[in-house]
Number of protein chains: 2
Amino acid sequence: MTTIADVARHAGVSVATVSHVMNHTRHVEPETAERVRAAISALRYSPNSVARSLRRGETKTIGLLLPDNSNPFFASVARQIEDAGFVSGYTVILCNSDGNAEKEERYLSVLMAKQIDGLIFAGSSDHARVFARMLPSVPAVLLDREIQSVNVDSVLVDHDHGGYLAGKYLVGLGHRKIGVIGGPRDSSSSPARLRGFVRALAEAGIDLPPSSIVDSDYHFAGGRLAMEQLMAQAPDITAVFACNDLMAMGAITALRSRGSRVPDDMSMVGFDDIPYAVTTWPPLTTIAQPVEKIGTLAVSLLLERLGEPEAPSRREVLAPVLVERESCAALR
Amino acid sequence: MTTIADVARHAGVSVATVSHVMNHTRHVEPETAERVRAAISALRYSPNSVARSLRRGETKTIGLLLPDNSNPFFASVARQIEDAGFVSGYTVILCNSDGNAEKEERYLSVLMAKQIDGLIFAGSSDHARVFARMLPSVPAVLLDREIQSVNVDSVLVDHDHGGYLAGKYLVGLGHRKIGVIGGPRDSSSSPARLRGFVRALAEAGIDLPPSSIVDSDYHFAGGRLAMEQLMAQAPDITAVFACNDLMAMGAITALRSRGSRVPDDMSMVGFDDIPYAVTTWPPLTTIAQPVEKIGTLAVSLLLERLGEPEAPSRREVLAPVLVERESCAALR
DNA sequence: GTGCGACATCGGCAATCGTCGTCATGGCCC
DNA sequence: GGGCCATGACGACGATTGCCGATGTCGCAC
């Protein structure tokens with residue numbers, strides 16, 4: 001590996017000068033600078049970021065800790081973050097915790113050891129505890145989570161409002177008997193979505209009996225099973241709100257194999273608007289999370305905090321929006 | 001930040017001793033070691049990896065450069081790699097190139113500067129040129145690409161064989177008039193898939209006229225368009241081989257909106273076996289790429305090369321396999 | 001039993017990795 | 001001689017590691 005000293009020797013100057021022409025950090029005689037640049041390209045020199053980081057006390061690296069990058073929602077978020085980070089000169093370390101608190105701690109330890117400049121964290125339900133232990137020695141942005149703490153900003157999605165939109169929409173279509181497929185109770189998102197949904201129904205004077213709600217796990221197969229259970233428990237429903245798209249897709253599959261047609265016999269609303277919501281049949285009407293916004297906003301919050309570490313912590317809440325496609329019909 | 005010197009002072013020993021107890025790199029009196037460990041935990045000390053990397057000349061970091069981590073195929077591969085790397089103590093830097101050669105070069109530069117220990121690279125069609133410029137100063141593993149070079153191993157998928165499996169299967173079902181939706185001509189995978197497919201048909205004495213082949217772009221919308229074109233050009237086909245799942249899903253949508261039923265009126269075979277192949281209707285019969293294998297194999301090849309940098313370069317080729325679901329039917 | 005050298009054990013000093021910022025220096029002009 | 005300019009020398013940054021010194025142990029010879 002060629003070092004700055006090699007370049008200096010080759011150009012007949014001191015290492016300080018080489019450093020300064022690279023970083024434009026003090027005036028260097030144009031002619032000398034040119035000689036240095038020539039040496040740099042002749043030797044194909046590229047500064048060693050590790051040494052630079054040690055010296056400068058910053059690594060231009062951000063840690064991204066999320067449950068699973070192969071989940072399409074997080075995949076999109078990760079993509080946005082990576083893109084936004086790169087244009088600002090940051091590089092992303094990817095970590096998958098599976099929502100497991102212990103793994104999260106392990107990852108946090110290595111990220112801290114690697115001296116990341118900032119962290120973007122979509123943690124488990126236990127994230128507060130995990131985080132507290134590591135006492136926020138890094139600037140961090142939480143995705144869809146909150147913690148009362150300094151140095152920690154949040155990007156939140158208004159799940160309650162999303163659920164409300166879904167409820168309002170189905171009610172507007174004339175549905176009165178509506179089922180719900182819920183996500184995990186211990187997630188922060190699912191109960192909020194449900195709450196908003198119930199509120200919209202309540203405003204229209206519609207009750208949601210316990211038998212019309214089946215909890216599941218945010219997965220495709222879980223959605224299929226839940227739908228079957230729902231058909232057994234509440235055979236008269238005409239519409240279903242699934243708390244995410246994957247379960248909605250599973251539910252549609254269950255309906256289809258029962259000979260029930262979507263949207264003719266049953267309307268279906270999902271949540272998330274994953275890319276595959278358009279590739280299923282019928283294309284899924286769903287509540288879209290503002291994925292691109294989440295990623296880019298997280299990065300810009302983080303960068304702003306890096307610039308001003310002592311600023312009061314911020315929480316940005318993003319509004320989901322209804323995307324009308326073809327999985328819902330008016331009650332005839 | 002607390003440093004090794006703080007720990008040493010706190011434990012009343014030298015920094016060398018602290019280092020040695022941490023790394024078990026020479027014998028230390030148990031009692032002393034205990035004191036050191038106590039100091040470490042009292043001060044919540046964690047060694048600075050940047051300094052360690054500078055000294056040791058290794059960063060325990062691997063670069064992962066791929067076109068797009070939100071593509072479900074790469075998402076899975078990335079997940080596998082991250083997992084496998086982490087258990088061996090490696091951390092993954094994620095880079096998305098969009099298959100753009102210029103971006104690839106930029107990423108490679110920063111990865112090299114960051115002194116990654118190894119690289120896993122799913123590059124553009126131009127990857128050879130890109131790579132040559134960076135002259136392989138890092139051990140690397142190529143995914144689904146090949147380069148004649150030292151220090152570069154490859155994990156390959158036998159696309160030809162996959163196409164062959166698809167052809168054999170459709171022929172076995174009695175189909176004779178078959179259409180193909182191809183991927184980008186300049187990809188390495190699509191032509192190979194097509195080649196194998198044609199060979200299988202040829203073995204059965206079946207010809208594939210140019211009008212039965214429509215090239216597309218590996219995307220959902222592209223598949224839908226291609227299917228429409230195919231129906232116009234070759235109205236008598238009874239089966240379609242789409243060179244990836246996304247296009248197959250698009251094609252099915254196009255068929256459905258024409259009132260054509262899958263698999264009753266048209267059989268459909270995809271390629272990749274993305275997770276959403278099971279969530280569409282009908283569940284897609286497809287040629288599965290061994291995704292988990294790809295990721296873990298890439299990591300283990302890389303780690304082996306790190307252990308033995310001068311070993312001759314290896315190429316591992318993985319066989320895809322037919323996954324029979326419900327999108328194909330025997331010709332009646 | 002005593003004295004001495006060989007050897008093992010344990011710990012500290014200081015060099016080193018590559019870069020950057022501070023201080024110092026030499027030359028030049030007024 | 002004072003001031004300015006361009007550049008050089010050098011010491012961090014934090015951890016690792018080769019080398020050396022101090023201490024202790026043991027065996028052997030007298």
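We find that CD of B:E31 is positioned 17 Å from P of D:dT23, with the value rounded to whole Å. Computed from coordinates, the B:Q115 CD to C:dG18 P distance equals 9 Å when rounded to whole Å. B:I4 places its CD1 atom 13 Å from the C1' atom of C:dG12, with the value rounded to the nearest Å. Atom P of nucleotide C:dG11 and atom CD of B:E34 are separated by 13 Å, given to the nearest angstrom. Taking atom NZ on A:K114 and atom C1' on D:dC13, their separation rounds to 19 Å, with Å as the unit. One atom, CD of B:E58, and another, C1' of D:dT16, lie 12 Å apart when rounded to the nearest Å. Across the protein-nucleic acid pair, B:N48 atom CG and C:dT19 atom P stand 17 Å apart, rounded to whole Å. Rounded to whole angstrom, the span from the CZ atom of B:R52 across to the P atom of C:dG18 amounts to 18 Å.
Of the candidate nucleotides D:dG8, D:dA15, D:dT17, D:dA15 has the atom lying nearest to any side-chain atom of B:P47. Of the listed nucleotides (C:dC10, D:dT16, D:dA15), C:dC10 has the atom at the smallest distance from the side chain of B:E29. With distances taken from any side-chain atom of B:A16 to the nucleotides C:dG12, C:dT19, D:dT16, the minimum falls on C:dG12.
Among the atoms of the strands shown, none is found under 4.0 Å from any heavy atom of A:V18. Note on B:R26: a base of the nucleic acid sits closer than 4.0 angstrom, heavy atoms only. At the heavy-atom level, B:T32 lies under 4.0 Å from the strands shown only through sugar-phosphate atoms. Backbone-only contact: B:V13 has heavy atoms under 4.0 Å from sugar-phosphate atoms and none from a base. Residue B:M22 is in sugar-phosphate contact alone, with no base atom involved, counting any heavy-atom pair closer than 4.0 Å across all strands shown. Counting any heavy atom pair closer than 4.0 Å across all strands shown, B:V50 reaches no nucleic acid atom.
Note that CG of B:L54 is 6.5 Å distant from CG of A:N48, once rounded to the nearest 0.5 Å.
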- Are B:R315 and B:D153 close enough, and set up right, to give a salt bridge (Lys or Arg N to Asp or Glu O under 4.0 Å), and what steps lead you there? CA-CA 6 Å; B:R315 56 198 297 282; B:D153 303 309; over 6 Å; no

- Pair B:E316-B:R314, salt bridge (Lys or Arg N to Asp or Glu O under 4.0 Å): steps then yes or no: CA-CA 6 Å; B:E316 298 274 347; B:R314 299 205 269 159; 3.4 Å; yes

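Look at B:R55 and you won't find any side-chain N or O under 4.0 angstrom from OP1 or OP2 of C:dT16. Applying the 4.0 Å criterion to OP1 and OP2 of D:dA6, one finds that A:H27 has a side-chain N or O inside that range. Applying the 4.0 Å criterion to OP1 and OP2 of D:dT16, one finds that B:S19 has a side-chain N or O inside that range. Between A:T17 and D:dG8 there is a side-chain polar atom (N or O) within less than 4.0 angstrom of OP1 or OP2. Side-chain N/O atoms of B:N23 include one lying less than 4.0 angstrom from OP1 or OP2 on D:dT16. Side-chain nitrogen and oxygen atoms of A:S14 include at least one within less than 4.0 Å of the OP1 or OP2 phosphate oxygen of D:dG8.
Using a 4.0 Å cut-off between a side-chain N of Lys or Arg and a carboxylate O of Asp or Glu, B:K60 and B:D117 do not qualify as a salt bridge.
In terms of heavy atoms, A:V36 sits closest to A:V21 at CG1-CG2, 3.4 Å. Across B:F73 and B:I294, no two heavy atoms sit closer than the pair CZ-CD1, 3.9 Å.
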